[in-house]
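Ligands are counted one by one from 1 in listed order, and the atoms in each one are counted from 1 as well. We count residues from 1, following the sequence as given. Please read all numbers here as calculations on a predicted model, not as lab measurements.
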Amino acid sequence: MTPDQVKLVQQSFTKVAPIADQAAVMFYDRLFEVAPQVKAMFPGDLTEQRKKLMATLSVVVNGLGNLETMLPAASALATRHVSYGAKAEHYPVVGGALLWTLEKGLGDGWTPEVADAWTAAYATLSGFMISEAYGRPQAAE
Ligand code: HEM
């Protein structure tokens with residue numbers, strides 16, 4: 001990611017923060033629509049899950065400029081996901097639902113540059129998590 005892309009992700013995320021709860025609802029609705037098979041992996045009540053997801057995204061987004069500081073946490077998150085049943089091939093699906101949510105949430109703010117920047121950010125994070133959890137990097141959206 002270029003420094004400009006880091007800035008674009010961080011700036012656009014501040015616009016999603018006020019609608020974080022709504023965005024998280026949209027994200028899981030979208031995820032379960034495109035990948036109904038993963039629904040059973042999640043708890044029935046997603047209230048806590050939504051909060052954790054948005055809190056983690058916020059930490060990740062803020063840490064993008066200083067990637068190495070969050071690698072241990074991202075590695076631990078990846079390992080926990082193995083026990084949740086997550087597979088490498090789920091990561092692009094989750095990424096697709098995340099980008100879709102951001103597109104809807106940002107409206108006109110979802111420019112091609114912002115889309116590219118988020119795509120790069122998710123590819124970086126998910127590529128790292130996949131290699132930590134499964135030992136081989138894979139292309140992610
Ligand atoms: C970069 C991508 C991802 C991020 C940032 C992320 C973030 C999180 C966070 C913060 C939690 C809360 C629990 C914890 O911290 O361990 C969580 C739980 C969970 N995630 Fe993810 N996740 C990602 C990708 C995925 C993928 C690809 C799957 C596969 C379907 C997945 C499935 C789950 C499940 C099933 C749980 C909850 C389990 C439970 O509470 O029983 N996640 N995720």
Q: Does any N or O of ligand 1 fall below 3.5 Å from an N or O anywhere on His90, backbone included?
A: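 In this structure, His90 places no N or O atom under 3.5 Å from an N or O of ligand 1.
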Q: Decide yes or no for Leu67 and Met1: does some side-chain heavy atom of the first lie under 4.5 Å from some side-chain heavy atom of the second?
A: no
Q: What protein heavy atom sits nearest atom 3 (C) of ligand 1, and how far off is it?
A: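 It is Met129 CE, 4.2 Å.
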Q: Looking only at distances, please establish whether an N/O atom of ligand 1 is found under 3.5 Å from an N/O atom of Tyr122.
A: no
Q: Taking side chain as C-beta onward, heavy atoms only, is Asp116 less than 4.5 Å from Gln5?
A: yes
Q: Regarding Thr47 and Asp45, is there a side-chain donor-to-acceptor distance under 3.5 Å anywhere?
A: yes
Q: Among Thr56, Leu98, Leu77, Ile130, which residue places a heavy atom closest to atom 4 (C) of ligand 1?
A: Leu77
Q: Evaluate the side-chain proximity of Tyr28 to Leu53: yes if any heavy-atom separation is below 4.5 Å, no if none is.
A: yes
Q: Looking at every heavy atom in both Arg50 and Asp21, which two are closest together, and how far apart are they?
A: CD-O, 4.4 Å
Q: Can you tell me which residue and heavy atom of the protein come closest to atom 19 (C) of ligand 1, and the distance to 0.1 Å?
A: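 Answer, as residue, atom name and distance: Gln49 NE2, 3.2 Å.
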Q: What about Tyr84: any of its N or O atoms under 3.5 Å from an N or O on ligand 1?
A: yes
Q: Please verify the inter-ring angle class for Phe13 with Trp118; under 30° counts as parallel, over 60° as perpendicular, anything in between as tilted.
A: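 Aromatic pair Phe13/Trp118 classed tilted.
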Q: Kindly identify the option in Val93, Val94, Thr124 whose heavy atom sits closest to atom 26 (C) of ligand 1.
A: Val94
